[in-house]
2 protein chains.
Amino acid sequence: MSATHSHTHSRAHRDPECLLCQALERARDRGLRQTAALEDVLRMLIEAPTPLTLADVASSPKLASKADRATVYRLLTKLEKLGIIRRLGLHDRAAYYTMIFPGEHNDYLVCTECGRIDRLAIECPVEELEAQIAKQSKFTRLYHELMFFGVCPKCA
Amino acid sequence: MSATHSHTHSRAHRDPECLLCQALERARDRGLRQTAALEDVLRMLIEAPTPLTLADVASSPKLASKADRATVYRLLTKLEKLGIIRRLGLHDRAAYYTMIFPGEHNDYLVCTECGRIDRLAIECPVEELEAQIAKQSKFTRLYHELMFFGVCPKCA
DNA sequence: ATACATGCAAACATTTTGCTTTGGC
DNA sequence: GCCAAAGCAAAATGTTTGCATGTAT
């Protein structure tokens, strides 16, 4: 990992197996059946340093779960509805997915040329603003996404 | 406009014709030819209270310019490359486009159920963070997007 | 045993490109 | 007149659904 890429992997300090168990438990609690495909999808998302697309999860050359695209699609959709993962609107045509770790919030730096995604190790200054907006707007289940876009050194 | 929707339309305080002229001038300066389609696209983006999709610009029943979808697509792409408009990665499948008005920055509040988009009249607390990231990351042409997502009162 | 999950294939929506013609400069 | 822009149509990309079968509970 280059200096430019460096960011805190707070999740790396935890036991990934434990994280997987926790995630599975949450999913089961909310009505999903514990299948091999579900386990594969959650494991990939937990281990990924940055958000993944449907294609990443379903058909990456090595990481691929053997699960069908449609199956993965439906799992991702359900997991998002259940609040276990989050869908991000990055600039690609494809949607990106990432685990929600309670108490952890991530912001991203994205290259508009090559699509490279860095996770940012920053103190997000938006939290109190979010509370204010929640109150004023009457929106529920409020969260935010903060993304920085630009041209990375390699593409410049 | 309801209280919940209220936001400052700073652009509403300006002369829209003047804005169009300015935008056309910028486009011409950067090498585009002054055509009817270009004028239509810029006018729609300038007058729109929120970002528009390609479909919005090309084939909305009433607002539509008569220009072909492909033409509009290529115009939007060029305008974005030239830094005259910005492409937003909202959560819809479609990309959204909005004018860049120098010195003006907008954040958005989006309903994850119905897709409704509100522009937020807030003091964005991210500017100085952006400067810091620009320095550390060596990314150029850096900008940010801040979006709030949630379920609007109507959908709740 | 039942209802949910899966795989395969097909339908969709949106973006992107090729090629010929038109029109701004 | 030349080269960029427009129009039409087709290809590409990524998402979503229908339906028959398998499997967790």
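Here is the naming used below: chain letters follow the sequence lines, and residue numbers restart at 1 for every chain. As a basis for the values below, the full set of heavy atoms in this structure was taken, side chains included, without hydrogen atoms, waters or symmetry mates.
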Determine the contact category for B:A55: base if any of its heavy atoms lies under 4.0 Å from a base atom, sugar-phosphate if only primed atoms, P, OP1 or OP2 are that close, otherwise nothing.
nothing

Would you say the side-chain atoms of B:R119 pair up with the backbone N or O of B:P49, donor to acceptor, closer than 3.5 Å?
yes

Looking at A:A37, is its backbone amide N or carbonyl O close enough to the side chain of A:D40 to form a donor-acceptor pair, meaning the two atoms are under 3.5 Å apart?
no

Quick one: [X] [atom1] to [N] [atom2], roughly how many Å, whole number?
X     : N      : atom1 : atom2 : answer
B:R87 : C:dT14 : CZ    : P     : 15 Å
B:E39 : D:dA6  : CD    : P     : 12 Å
A:L79 : C:dA5  : CG    : C1'   : 13 Å
A:D92 : C:dT16 : CG    : C1'   : 14 Å
B:D40 : D:dA5  : CG    : P     : 16 Å
B:L82 : D:dA4  : CG    : P     : 14 Å
A:K78 : C:dA3  : NZ    : C1'   : 11 Å
B:R30 : D:dA4  : CZ    : P     : 19 Å

Indicate yes or no: at least one non-hydrogen side-chain atom of B:V110 is less than 4.5 angstrom from one of B:D92.
no

5' to 3', nucleotides 16-25 of chain D under a 4.0 Å protein heavy-atom cut-off (B base, S sugar-phosphate only, - none) gives BBB----BBS

Classify the angle between the aromatic ring planes of B:H91 and B:F149 as parallel (below 30°), tilted (30 to 60°) or perpendicular (above 60°).
parallel

side-chain N/O B:K66 vs D:dG7 OP1/OP2, d < 4.0 Å
no

Taking all non-hydrogen atoms of both residues into account, name the closest pair between A:G89 and A:E145 and its distance.
N-OE1, 3.6 Å

Out of curiosity, does B:V151 fall in the hydrophobic cluster containing B:M147 (side-chain heavy atoms, cut-off under 4.5 Å, transitive links)?
no

